[in-house]
Amino acid sequence: MTVVLAHGLGGSTDLPIPFTYALIGASWALTVSFVVLAFAWRTPKLDPDSPGRRLPGWVTRFADAPITRNVLAAFGVVLAVWVALAAFFGPAASSENALPGVFYVLLWVGLVAVSLAFGPVWRVLSPVRTVHRSVCAAIGRSPAEGNARYRNSWGYWPAVAGLFAFVWLELASGDPGSVAAVRTWLLVYVVVTTAGAFACGERWCERGDPFEVYSTLASRLSPLSRDRHDGRIVLRNPLDHLGSMPVRAGSVALMATLLGSTAFDSFSAFPWWSRLVDGIGSPIGATLVRTAGLLVFIGFVGVSFWVASRAAGGLRPEQRSALPGLLSHSLIPIIIGYVFAHYLTYLVEKGQATVILLADPMGRGWNPLGLGDADVWYVLSEHPAATASIKVLCVLAGHVLGVIAAHDKSVRVLPRGHQLTGQLALLFTMVTYTFGGLYLLFGG
C-alpha cells in the first residue's frame, strides 16, 4: 500500500459523463438561476446579522468547556509530534512516509471538510496557537497582546503569501512529494507563524496563518455559527453566514490564489503541458515554467473578478473601488465546490492510505491502532459514474451559490437603476469559471 504524490494532488479525467452535457447543464444552471434571481430576488434577502436557530444550551457549553478545548488542543499538539516523527525519523521514500499525505490530503483538503461541518476548527487544533497560549499563560500575558501591532493594511496578505507558498510547492516545485521539501516547508511555517503570534498576538493567527485563514474561509459556508451577541452556537443559513466575512486588504488575492491554483492543478495534467514541461530538460527551467503557469491562472482569476466586479454604473470612484472586496465572498462557494470536485477521490481514498501509514510513522512495524493489515476501500473509484455526477454537482452547486451571494450583495450595494445591468459582467465571468472548471475537471 503506497501513497503516490507525483504532482500536486492530482485531478480527475475520463469521467463517464459526456463533456457537452456537463457544459450544457452548467450554462443552463447559471442562466436560469440568474434570471430567477433578477426577477424574483429584487431586494436583499440574506442577512449576516440573522440570529439563526439556537441550538440547546448544552451544545455551546460543551463546545466552550475548558476540558473540550484542552482535549482538542492537546490532540493537535500530539498529532503534530506524531507527524514530526514521520518527518524526521520516518522512511525517506515519500510512498512509505505519511508526511506528504498528511500535508497534502489531511491538512489541505481534510481541513476544508471539517471546517465546513464544524466551523473554524484550526483555531482550536493549531499547535502553534496552543503553544502560544501556554507560554502567554506562563508569563502572565494575554494571548491577544503582542510586542508589535498588526497593521490593518496587512490584511490577509501574510496568509496569501503562505497559501501561495503551499500551492507553489505542490504545483510548481521540482519534487512536491519529497519528504525533505515538505519537512522544510512546515519548519518555515512553524517558525514564521510562531514568531508572528508572539510579535502581534492572536491577530496574526486570525489573519496571517494560511491554514487558519483557509479554515475560517471554509467555515463561512458551515451551517453552524455563533450568535454575534452572546456567542451561542446556532444553526444558520450558510449564505447568511457567508456574507459576514470581513473585507480586508488582500481579500480578492486570497480567493484568486485558492481558485486559480486549483484550476492550474487540473490544467497541469494535460498531456501537452506535461510534454512541454518535461521537454525543457533543465529542472530549474521546468520549475520556472510551472511557476509562470501558476501565476497566470491566479492572475486571471484575480484580474477578471476585479474588472467584472467594478463594471457597474452610477457609482462614485470610492464605491467602485470597494466592490471587488465586497463581492469577494461570492467566490467562496466556487472555491469549495471546485476543491471537492477536484480532490474528493483523493481525500476519501488517499486519506485512508495516509491514516494507515500514519499509524506507523517511523516505518518500524508499529500497529497501535490495529491498522497494519488494513486495506484502502476504493469506494469512489469503484463507482465512476456516481463519482463523476457528484463532482459535476459540486461544481454547479458552488457556482449557483456564488451567483446567489453575488446577486444579493449587488442588490444591497448597487444603485437601483444599475442593479441588474451592473451584474452582467460578473455573471459572464462566473459562467467562464464554470465552463473552465468543468473543462479542466474533465481533462479537456
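At a threshold of 4.5 Å between non-hydrogen side-chain atoms, the residues Leu344 and Leu380 count as touching. Looking at Ser268 and Asp265, their side chains come closer than 4.5 Å, going by heavy atoms from C-beta outward. With contacts defined as side-chain heavy-atom distances shorter than 4.5 Å, the pair Arg232/Val59 does not qualify. Looking only at side-chain heavy atoms (C-beta outward), Arg207 and Asn152 come within less than 4.5 Å of each other. A 4.5 Å side-chain heavy-atom check between Phe435 and Val431 finds at least one atom pair inside the cut-off.
Note that the NZ atom of Lys409 and the CG atom of Leu242 stand 9.5 Å from one another [nearest 0.5 Å]. Atom CZ of Phe211 is separated from atom OG1 of Thr216 by 13.0 Å, given to the nearest 0.5 angstrom. Atom CD1 of residue Ile336 and atom CG of residue Leu217 lie 6.0 Å apart, to the nearest 0.5 angstrom. Going from atom CG of Leu46 over to atom CG of Asp408 covers 3.5 Å, rounded to the nearest 0.5 Å. Here the CG-CG distance, from Leu235 to Leu55, works out to 4.5 Å after rounding to the nearest 0.5 Å. Rounding to the nearest 0.5 angstrom, the gap separating the NE2 atom in His241 from the OG atom in Ser219 is 5.5 Å.
For Phe300, there are no ring-ring contact (aromatic ring centres under 6.0 Å, His included) partners two or more places apart in sequence or in a different chain. The side chain to side chain donor-acceptor pair (under 3.5 Å) check on Asp64 picks up Arg69, Arg226, with sequence neighbours excluded. Every residue meeting the salt bridge (charged side-chain N to carboxylate O under 4.0 Å, His left out) condition with Glu202, not counting sequence neighbours, appears here in chain and number order: Arg129. Evaluation of the side chain to side chain donor-acceptor pair (under 3.5 Å) rule for Tyr214 yields no partner, not counting sequence neighbours. For Trp306, the ring-ring contact (aromatic ring centres under 6.0 Å, His included) criterion is met by no residue, not counting sequence neighbours. Remark: Arg236 engages Ser225 in a side chain to side chain donor-acceptor pair (under 3.5 Å) (not counting sequence neighbours). Partners of Ser274 according to the side chain to side chain donor-acceptor pair (under 3.5 Å) rule, which considers only residues two or more places apart in sequence or in another chain, do not exist here. Checked against ring-ring contact (aromatic ring centres under 6.0 Å, His included), Tyr338 has the following partners two or more places apart in sequence or in another chain: His342. Under the ring-ring contact (aromatic ring centres under 6.0 Å, His included) criterion, Phe164 pairs with no residue at all, not counting sequence neighbours.
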For this session: Given side-chain hydrogen bond (donor to acceptor under 3.5 Å, both in side chains), test Lys391 with Thr345 step by step and report yes or no.
Result: CA-CA 9 Å; Lys391 293 184 175 186; Thr345 303; 3.1 Å; yes

For this session: Evaluate ring pair (Phe, Tyr, Trp, His ring centres under 6.0 Å) for Trp108 paired with Tyr346, printing each intermediate quantity in order.
Result: CA-CA 11 Å; Trp108 185 246; Tyr346 207 91; over 10 Å; no

For this session: Go through the steps to decide whether Val376 and Gln352 satisfy the test side chain to side chain contact (heavy atoms under 4.5 Å, CB included), and finish with yes or no.
Result: CA-CA 6 Å; Val376 176; Gln352 295 176 60; 4.1 Å; yes

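Under the 3.5 Å distance criterion, with hydrogens and angles disregarded, no donor-acceptor pair is assigned to the side chains of Ser126 and Glu212. Trp168 and Thr291 form a side-chain donor-acceptor contact under 3.5 Å, judged by distance and modelled atom types alone.
Of the possible donor and acceptor atoms, one in the side chain of Ser321 sits under 3.5 Å from a partner among the backbone N and O of Glu318. Of the possible polar contacts, one joining the Arg320 side chain to the Arg310 backbone as a donor-acceptor pair under 3.5 Å is found. Of the possible polar contacts, none joining the Ser178 side chain to the Asp175 backbone as a donor-acceptor pair under 3.5 Å is found.
Close placement of the Phe270 and Tyr439 rings is indicated, their centers lying within 6.0 Å of each other. Aromatic ring centres of Trp272 and Phe267 lie closer together than 6.0 Å. With ring centers used as reference points, Phe103 lies under 6.0 Å from Phe166.
Screening Thr354, Val182, Leu99 for a side chain to side chain contact (heavy atoms under 4.5 Å, CB included) involving Tyr104 leaves a single residue, Val182.
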Output side-chain donor-acceptor pairs under 3.5 Å for residues 323-334, partner residues at least two apart or in another chain, one line each.
from: Ser328; atom 1: OG; to: Gly325; atom 2: O; distance (Å): 2.8
from: His329; atom 1: ND1; to: Leu326; atom 2: O; distance (Å): 3.0
from: Ser330; atom 1: OG; to: Leu327; atom 2: O; distance (Å): 2.6

Show me the donor-acceptor pairs within less than 3.5 Å that the side chains of residues 113-123 make with the rest of the protein, sequence neighbours left out.
from: Ser115; atom 1: OG; to: Leu111; atom 2: O; distance (Å): 2.7
from: Ser115; atom 1: OG; to: Ser215; atom 2: OG; distance (Å): 2.7
from: Trp122; atom 1: NE1; to: Asp209; atom 2: OD2; distance (Å): 3.3

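Counting only residues at least two apart or in different chains, side chain to side chain donor-acceptor pair (under 3.5 Å) contacts with residues 250-264 are absent.
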